[in-house]
J.: 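Before anything else, here's the structure in question.
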Amino acid sequence: EESNSSSEKGFLLLGFSDQPQLERILFVIILLFYILNLLGNTAIILASYLDPKLHTPMYFFLSNLSCVDICFTTSVAPQLLATMNKKDKNMSYGGCVAQLYVATGLGSSECILLAVMAYDRYAAVCRPLHYTTIMHPQLCASLASIAWLSGLITSLIQCSLTVQLPLCGHRKLDHIFCEVPVLIKLACVDTTFNEVELFVASVIFLIVPVSLILVSYGFITGAVLRIKSTAGRSKAFGTCSSHLLVVIIFYGTIIFMYLQPAKSSSKNQGKFVSLFYTIVTPLLNPIIYTLRNKDVKGAMRTLVMGNAF
């Protein structure tokens with residue numbers, strides 16, 4: 001009877017409820033970050049779509065990244081804010097499972113998409129004369145589709161294996177949202193197979209993309225250093241450094257969460273790390289790309305001025 005308790009009653013999403021003052025402060029911060037995330041990423045999508053000068057592979061992938069970020073944050077933030085704003089921390093079993101599938105799929109898609117964007121920058125800097133031939137519209141659409149589909153497939157496999165674990169009545173989810181490593185901790189059976197599967201998936205979606213990104217940026221650095229023009233060199237470094245900064249922040253936090261034994265991290269540490277790559281990083285993407293990119297800033301100004309008149 002106890003084994004069905006979680007599916008019947010749902011979960012208690014504890015979050016930061018053991019620290020009421022911190023919870024109130026975080027509520028305001030998360031709400032602000034979520035609103036800014038929606039505004040910033042939506043602005044990038046609109047600017048990339050409306051400005052003909054931004055109809056390039058780089059901004060096509062950036063629009064996809066902004067779309068992923070909006071959906072990824074939306075799969076976590078509203079539920080988290082609603083739970084933080086009430087005494088009853090209950091979350092339905094169906095809601096938890098839905099969040100698990102959606103957040104896992106979108107997070108995995110972002111991992112692949114960032115690697116695709118690194119390949120695009122490699123082609124632009126290292127093969128400039130053949131760039132339009134290499135990154136033709138059909139290839140760009142195929143690479144974006146692969147990123148979205150790979151997230152869907154890993155979500156279906158990974159989450160399906162996780163939700164089959166018996167929880168034996170454990171309802172207290174001491175985290176900020178329903179996530180695979182956290183649900184594995186609740187299981188009352190041997191989870192070795194699930195931990196191995198999670199590790200393999202993490203290697204495929206984290207270590208492999210990061211390795212490809214670092215290799216591509218090694219080639220990019222060599223190509224940029226060979227550019228004789230100082231202006232050209234600084235423009236290439238400016239464009240690529242913004243992408244690399246996003247990569248370091250996103251992969252650094254998510255690798256910390258996933259590439260460790262399921263029962264090793266401290267509770268608060270895991271909460272803050274998850275908060276960072278689900279709420280903070282999606283906001284950094286539009287900030288970094290707009291503040292460090294003249295083309296996007298120009299398109300934003302045109303968009304704002306056009307709406308003003």
J.: Within a strict 4.5 Å, meaning less than it, do heavy atoms of the Asn194 and Leu165 side chains meet?
T.: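 Counting from C-beta outward, Asn194 and Leu165 do come under 4.5 Å.
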J.: Mind checking whether Glu197 and Thr162 have side chains closer than 4.5 Å, heavy atoms only?
T.: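 Not in contact.
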J.: Just do the side-chain contact (heavy atoms from CB on, under 4.5 Å) check on Tyr49 and Ser63 with the steps written out, would you?
T.: CA-CA 8 Å; Tyr49 177 74; Ser63 296; over 6 Å; no
J.: Are Val116 and Ile153 joined in one hydrophobic group, where the rule is that I, L, V, M, F, W and Y side chains link up if heavy atoms are under 4.5 Å apart?
T.: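 No; tracing contacts between hydrophobic side chains, which count when under 4.5 Å, never links both residues.
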J.: Give a yes or no on whether Ile184 and Leu14 share a hydrophobic cluster (residues Ile, Leu, Val, Met, Phe, Trp, Tyr; joining criterion: side-chain heavy atoms under 4.5 Å apart).
T.: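 Cluster IDs for Ile184 and Leu14 differ.
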J.: Going by side-chain contact (heavy atoms from CB on, under 4.5 Å), name the residues that satisfy it together with Lys53, two or more places apart in sequence or in a different chain.
T.: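 For Lys53 the side-chain contact (heavy atoms from CB on, under 4.5 Å) partners, ignoring immediate neighbours, are Asp51.
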J.: Main chain of Leu13, side chain of His175: is a donor-acceptor contact present, judged purely on distance under 3.5 Å?
T.: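 No, the answer is negative, given that no donor and acceptor are paired below the 3.5 Å cut-off.
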J.: Using the side chain to side chain donor-acceptor pair (under 3.5 Å) rule, take Ser142 and Gln138 through it: C-alpha gap first, then chi angles, then the decisive distance, then the call.
T.: CA-CA 6 Å; Ser142 298; Gln138 291 83 358; over 6 Å; no
J.: Could you note down all residue pairs passing ring-ring contact (aromatic ring centres under 6.0 Å, His included) where residues 13-34 supplies at least one of them, sequence neighbours left out?
T.: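 Listed by first then second residue: Phe16-Phe272.
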J.: Just wondering, do Met91 and Gln99 contact through their side chains at under 4.5 Å, heavy atoms?
T.: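 Yes; the side chains approach each other to less than 4.5 Å.
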J.: Would you say Ser75's side chain and Phe72's backbone share a donor-acceptor pair under 3.5 angstrom?
T.: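 Judged by distance alone, yes, a pair lies under 3.5 Å.
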J.: For Asn85 and Leu81: C-alpha separation, side-chain torsions, deciding distance, then whether side-chain contact (heavy atoms from CB on, under 4.5 Å) applies.
T.: CA-CA 6 Å; Asn85 200 36; Leu81 289 168; over 6 Å; no
J.: What verdict does the salt bridge (Lys or Arg N to Asp or Glu O under 4.0 Å) test give for Lys185 and Asp174, after you've listed the backbone C-alpha separation in whole Å, the side-chain angles of each residue and the deciding distance to 0.1 Å?
T.: CA-CA 10 Å; Lys185 290 179 185 179; Asp174 198 2; over 6 Å; no
J.: Work out which heavy atom in Pro209 is nearest to a heavy atom in Val203; give both atom names and the distance.
T.: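 Reported closest heavy-atom pair: CD-O, 4.3 Å.
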J.: May I ask you to decide if Ile249's main-chain N or O and Thr253's side chain share a donor-acceptor pair within less than 3.5 Å?
T.: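 Yes, the answer is positive, given that a donor and an acceptor are paired below the 3.5 Å cut-off.
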J.: Is it the case that the side chain of His136 and the backbone of Leu139 share a donor-acceptor pair, with hydrogens and angles ignored and the cut-off at 3.5 Å?
T.: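 Checked: pair present.
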J.: Would you mind telling me which of Ile29, Leu80, Val76, Thr281 makes a side chain to side chain contact (heavy atoms under 4.5 Å, CB included) with Leu275?
T.: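 Among Ile29, Leu80, Val76, Thr281, the one meeting side chain to side chain contact (heavy atoms under 4.5 Å, CB included) with Leu275 is Leu80.
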J.: Between Ile207 and Ser202, is there a side-chain heavy-atom distance shorter than 4.5 Å?
T.: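 Not touching, per the 4.5 Å side-chain cut-off.
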J.: Given side chains that start at C-beta, do those of Thr56 and Tyr59 come closer than 4.5 Å, heavy atoms only?
T.: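 The answer is yes; the side chains approach within 4.5 Å.
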J.: How long is the span from the CG atom in Leu143 to the CG atom in Asp120, to the nearest 0.5 Å?
T.: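 Atom-to-atom, Leu143:CG and Asp120:CG are 9.0 Å apart.
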J.: Could you walk me through whether Gln158 and Tyr101 pass side chain to side chain donor-acceptor pair (under 3.5 Å), step by step?
T.: CA-CA 9 Å; Gln158 202 172 140; Tyr101 275 95; over 6 Å; no
J.: Is the shortest side-chain heavy-atom distance between Leu100 and Thr104 below 4.5 Å?
T.: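 With C-beta onward as the side chain, the pair touches.
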J.: Compare all side-chain heavy atoms of Phe250 with those of Cys111 and state whether any distance is below 4.5 angstrom.
T.: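 Phe250 vs Cys111: side chains touch.
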J.: If we ignore hydrogens and angles and just use 3.5 Å, is the side chain of Ser155 paired with the main-chain N or O of Gly151 as donor and acceptor?
T.: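 No.
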J.: Quick one: do the Thr83 and Gln79 side chains pair a donor with an acceptor below 3.5 Å?
T.: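 Side chains of Thr83 and Gln79: pair found under 3.5 Å.
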J.: Got a second to check how far Leu114's CG is from Ser109's OG, nearest 0.5 Å?
T.: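 If I round to the nearest 0.5 Å, the distance is 11.0 Å.
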J.: What are the two closest non-hydrogen atoms of Ile220 and Ala118, and how far apart are they?
T.: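 Of all heavy-atom pairs spanning Ile220 and Ala118, the closest is CD1-O, 4.4 Å.
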J.: Say you draw a straight line from CG of Asp69 to CG of Leu38; how long is it, rounded to the nearest 0.5 Å?
T.: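 One finds 11.0 Å between CG of Asp69 and CG of Leu38.
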J.: I'd like to know if Phe205 and Ile146 are part of one continuous hydrophobic network [Ile/Leu/Val/Met/Phe/Trp/Tyr, side-chain heavy atoms within less than 4.5 Å].
T.: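 No.
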J.: How close do Ile45 and Cys67 get, counting heavy atoms only, and between which atoms?
T.: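 Closest pair (atom of Ile45, atom of Cys67, distance): CD1-N, 3.9 Å.
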J.: Looking only at heavy atoms, which two atoms of Phe177 and Ser274 are closest? And how far apart?
T.: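 Where Phe177 meets Ser274 most closely, the heavy atoms are CE2-CB, 4.0 Å.
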J.: Would you say the side-chain atoms of Lys271 pair up with the backbone N or O of Gly15, donor to acceptor, closer than 3.5 Å?
T.: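 Yes, Lys271 side chain to Gly15 backbone: donor-acceptor pair under 3.5 Å.
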J.: Measuring from Thr278:OG1 to Met257:CE, what's the distance to the nearest 0.5 Å?
T.: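 One finds 10.0 Å between OG1 of Thr278 and CE of Met257.
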J.: Is any side-chain heavy atom of Phe276 closer than 4.5 Å to a side-chain heavy atom of Ile254?
T.: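 Not touching, per the 4.5 Å side-chain cut-off.
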J.: With no hydrogens and no angle check, just 3.5 Å: does a side-chain donor-acceptor pair link Glu23 and Ser17?
T.: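 There is no such pair between these side chains.
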J.: So which pairs with a foot in residues 139-163 pass salt bridge (charged side-chain N to carboxylate O under 4.0 Å, His left out), sequence neighbours left out?
T.: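 Matches after skipping sequence neighbours: none remain.
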